[in-house]
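The shown structure was predicted, so the numbers you read here are calculated from the model rather than taken from an experiment.
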Amino acid sequence: MKVREEQIINSELAQKSLAQIDFKDTFSTTNHKDSLSEIAKIIFGTRPKWVQFLFVIRQFLVKCIGLKPLPRQEPVAGVRAGSTIGFFTVYTVENQEIILGADDSHLNFRAVITDTREPQYNIKVTTLVQYHNNKGRYYMALIKPFHRLVVKNMVRQAYRANP
């Protein structure tokens with residue numbers, strides 16, 4: 001098994017990243033070969049074609065319900081606070097943790113990438129969401145089945161067998 005869902009791991013930094021947490025999940029994989037910055041780029045800077053297609057559908061649907069579309073995905077240069085990976089802003093870069101996300105009128109989203117240095121499943125990717133209104137709750141209810149599938153596959157991209 002290259003990716004597994006597990007109990008949520010919240011560091012103090014992650015807990016402070018949102019005022020309130022209404023949804024959360026964690027998926028983990030193993031990678032001791034790449035730096036945490038490289039892992040963040042692999043997970044959030046690249047997408048399989050079918051995931052790209054889902055994002056095209058999302059872009060169309062959010063226009064219909066009055067949400068802002070995701071910004072154009074720019075190539076990733078360096079991973080530092082204020083830079084972007086994929087559609088998301090990097091908020092924090094620490095030795096063993098990177099927090100990125102996006103804020104919108106309906107919800108705020110954070111992805112926390114942590115390296116626990118464990119022998120297996122050391123890379124943890126935790127999604128945290130704060131709803132602002134019913135639009136955020138409905139949006140999350142609509143995408144939740146896709147979210148699990150997409151995040152699991154994005155995390156799988158970072159899998160590297162132990163040396």
- Could you walk me through whether Leu100 and Thr89 pass the side-chain contact (heavy atoms from CB on, under 4.5 Å) check? CA-CA 5 Å; Leu100 55 131; Thr89 300; over 6 Å; no
- Query: With no hydrogens and no angle check, do the side chains of His32 and Asp115 hold a donor and an acceptor under 3.5 Å apart?
  - Reply: no
- Message: Quick one about Ser28 and Glu6 (side-chain donor to acceptor, distance below 3.5 Å, no hydrogens or angles considered), yes or no?
- Response: yes
- Task: Show your working on side-chain contact (heavy atoms from CB on, under 4.5 Å) between Ile21 and Gln130 and close with a plain yes or no.
- Result: CA-CA 5 Å; Ile21 298 170; Gln130 173 186 6; over 6 Å; no
- Message: For Arg148, is the CZ atom crowded, meaning more than 12 foreign heavy atoms sit under 6.0 Å from it?
- Response: no
[atom2] on [Y] to [atom1] on [X], rounded to 0.5 Å:
X      : Y      : atom1 : atom2 : value
Ile42  : Gln157 : CD1   : CD    : 8.5 Å
Phe23  : Thr127 : CZ    : OG1   : 6.5 Å
Asn133 : Ser105 : CG    : OG    : 6.5 Å
Thr29  : Lys2   : OG1   : NZ    : 8.5 Å

- Item | Aromatic plane relationship, Phe109 with Phe88 - under 30° parallel, 30 to 60° tilted, over 60° perpendicular | tilted
Check: [Y] and [X] side chains under 4.5 Å, non-hydrogen atoms:
X      : Y      : answer
Lys152 : Met154 : no
Thr30  : Asn122 : yes
Val129 : Asp22  : no
Val90  : Ile98  : yes
Asn31  : Tyr159 : no
Gln20  : Tyr131 : no
Thr92  : Glu97  : no
Ile99  : Val93  : no

- Task: Could you please spell out the steps behind the side chain to side chain donor-acceptor pair (under 3.5 Å) verdict for Thr114 and Gln96?
- Result: CA-CA 6 Å; Thr114 307; Gln96 290 180 258; over 6 Å; no
- Do the side chains of Leu128 and Ile113 join up, straight or via other hydrophobic residues, at under 4.5 Å, putting them in one cluster? no
- Query: Linking I/L/V/M/F/W/Y whenever any side-chain heavy atoms sit under 4.5 Å apart, do Val150 and Met140 land together?
  - Reply: yes
- Query: Within 45° of the axis and under 6.0 Å from the centre of the six-membered ring of Tyr121, does NZ or CZ of Arg4 qualify?
  - Reply: yes
Could you tell me whether [X] and [Y] make a salt bridge, using a distance below 4.0 angstrom between a side-chain N and a carboxylate O?
X      : Y      : answer
Glu118 : Lys124 : yes
Arg160 : Asp34  : yes
Asp104 : Lys135 : no
Glu38  : Lys33  : no

- Query: Looking only at heavy atoms, what is the nearest atom pair of Leu107 and Gly136, with distance?
  - Reply: CD2-O, 4.0 Å
- Pair Val125-Thr26, side-chain contact (heavy atoms from CB on, under 4.5 Å): steps then yes or no: CA-CA 5 Å; Val125 179; Thr26 297; over 6 Å; no
- Message: Between Gln7 and Asp25, does the side-chain contact (heavy atoms from CB on, under 4.5 Å) criterion hold? Intermediate values first, please.
- Response: CA-CA 8 Å; Gln7 291 291 86; Asp25 63 15; over 6 Å; no
- Task: Indicate yes or no for a side-chain donor-acceptor contact from Asn153 to the backbone of Arg156 under 3.5 Å, with no hydrogens or angles considered.
- Result: no
- Task: Measure centre to centre between the rings of Tyr138 and His106, then say whether the value is under 6.0 Å.
- Result: no
